[in-house]
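Just so it is clear, the values below take in all heavy atoms, side chains as well, and ignore hydrogens, waters and symmetry mates.
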Amino acid sequence: MKRTALTVCLLLAVAAVTAGGEPPPEPVSKLELHFRIEVGVEPGHVVAGYLDESKGTGKGFDRIALDLDGDGEYETVQEAATQKDYRTQKTIPKPQVTIEREGATWILDLYSIGRVRPVVRDGKVQTYAHWSVTSGELYAWFINGRVTLHADAAKAKAGKPIRLGPPFRFETGSGKQGPDATVRVGLKDSQGFTMRLARKDKAQQQIRVRLAGVGQPLIDTHAPYG
């Protein structure tokens, strides 16, 4: 396994305030889920928020309240998108946190929460998620990770924020030896999310891999992500 630091030159973005500038209402759900997200190339910019059900019916989290500057006040509300559950064929909420800051869009897709009613244990719930970042022509998508959400804001604040951004590491591997070796490269973030796709101007990017050993031919190939 080979690991190396990856520096990504991406800039960050501030989400627009809710129309009319009105502060979002208090949560109405009996099970709001709180989180903190740290976005950006450099650490330090943390956004707090919670998932809520606008009608308190227990039928799914359909809105996200965000505290963009960490002052304890929720400045904006984002409505959840919808998706069709492939098992039930019903349309359900798709909680997706979007944060824009200085030219880039960061999205944390909490798709698993939309499909299954979460069970809170010890004041927290773990759920599967994706995250992505778009900056100009560059788009990167990270999958197969788990994040922790909390039943109250105090526990979320005491916990570690969900990090969207570097540091990243490479993990390389090959099932064969010699010039016919097949190489796969996994680019992972600090939480274990794996980059599934990198695209620039609608063209998929690839990682170039060169492997050489004593007395062995050089392997020079392009490797897929994941």
Side-chain angles (χ1 to χ4, degrees), residues 12 15 24 26-54 56 58-81 83 85 92-99 101 105-133 140-169 171 186-196 226:
L12 303 178
E26 293 296 319
V28 296
S29 173
K30 295 180 180 179
L31 179 63
E32 72 267 19
L33 293 178
H34 295 259
F35 56 83
R36 294 170 74 240
I37 302 175
E38 184 179 53
V39 291
V41 176
E42 299 296 333
H45 185 84
V46 177
V47 173
Y50 63 83
L51 303 179
D52 193 17
E53 298 167 308
S54 61
K59 293 185 177 180
F61 297 102
D62 59 357
R63 67 180 183 181
I64 305 103
L66 296 177
D67 172 11
L68 298 170
D69 54 13
D71 64 357
E73 299 292 332
Y74 297 99
E75 298 93 359
T76 184
V77 169
Q78 296 178 357
E79 300 298 324
Q83 63 182 350
D85 188 334
I92 58 176
K94 181 183 179 182
Q96 187 169 280
V97 184
T98 301
I99 302 171
R101 184 174 169 81
T105 302
W106 308 79
I107 295 177
L108 177 64
D109 187 348
L110 300 166
Y111 67 93
S112 185
I113 284 288
R115 295 176 182 170
V116 181
R117 184 69 173 170
V119 177
V120 178
R121 292 187 177 91
D122 297 325
K124 62 185 179 182
V125 58
Q126 279 200 326
T127 185
Y128 291 98
H130 303 325
W131 74 269
S132 64
V133 59
W141 181 39
F142 288 77
I143 68 170
N144 292 344
R146 298 181 73 182
V147 296
T148 300
L149 308 178
H150 301 266
D152 61 68
K155 290 184 178 179
K157 188 174 182 179
K160 186 177 180 180
I162 302 165
R163 174 79 175 134
L164 307 186
F168 303 126
R169 68 178 188 271
E171 293 185 352
L187 180 63
K188 293 192 174 185
D189 69 6
S190 58
Q191 299 163 130
F193 284 81
T194 301
M195 180 182 277
R196 183 64 182 85

Q.
Within the structure provided, determine whether Tyr50 and Asp67 are in side-chain contact (heavy-atom separation under 4.5 Å).
A. no

Q: Check the pair Gln96 / Leu110 against side chain to side chain contact (heavy atoms under 4.5 Å, CB included), numbers first and verdict last.
A: CA-CA 6 Å; Gln96 187 169 280; Leu110 300 166; over 6 Å; no

Q) Got a second to check how far Arg121's CZ is from Gln126's CD, nearest 0.5 Å? A) 10.5 Å

Q.
With a 4.5 Å cut-off on side-chain heavy atoms, are Arg169 and Leu187 touching?
A. no

Q | Side chain Glu38, main chain Gly44, donor-acceptor under 3.5 Å | A | yes

Q.
Which label fits Trp106 and Trp131: parallel for a plane angle under 30°, tilted from 30 to 60°, or perpendicular past 60°?
A. parallel

Q.
If you define the side chain from C-beta out and look only at heavy atoms, does anything of Ile107 sit under 4.5 Å from Val97?
A. no

(Q) Give me the atom names and distance for the closest heavy-atom approach of Glu79 to Arg63. (A) OE1-CB, 4.1 Å

Q | NZ-CG distance between Lys188 and Asn144, expressed to the nearest 0.5 angstrom | A | 8.5 Å

Q.
Can you confirm whether Leu33 sits close enough to Phe35 that some side-chain heavy atom of one is under 4.5 Å from a side-chain heavy atom of the other?
A. no

Q. Do His150 and Asp152 have side-chain heavy atoms sitting under 4.5 Å apart?
A. no

Q.
If the threshold is 4.0 Å, N to carboxylate O, is there a salt bridge linking Asp189 and Arg163?
A. no

Q.
Is it the case that the ring center of Phe168 lies less than 6.0 angstrom away from the ring center of Phe142?
A. yes

(Q) Any heavy-atom pair between the side chains of Phe61 and Ile113 that's under 4.5 Å? (A) yes

Q: Quick one: list whatever passes side chain to side chain contact (heavy atoms under 4.5 Å, CB included) with Ala153, sequence neighbours left out.
A: His34, Tyr74

Q | Aromatic ring proximity, centroids under 6.0 angstrom, His130 and Tyr111 | A | yes

Q. Where the side chain of Glu75 meets the backbone of Leu68, is there a donor-acceptor pair that is under 3.5 Å apart?
A. yes

Q: Just jot down the side-chain hydrogen bond (donor to acceptor under 3.5 Å, both in side chains) partners of Ser190, sequence neighbours excluded, or say none.
A: none

**Q.** Distance in Å, Ile99 CD1 paired with Leu108 CG, rounded so as to fall on 0.5 Å steps
**A.** 8.0 Å

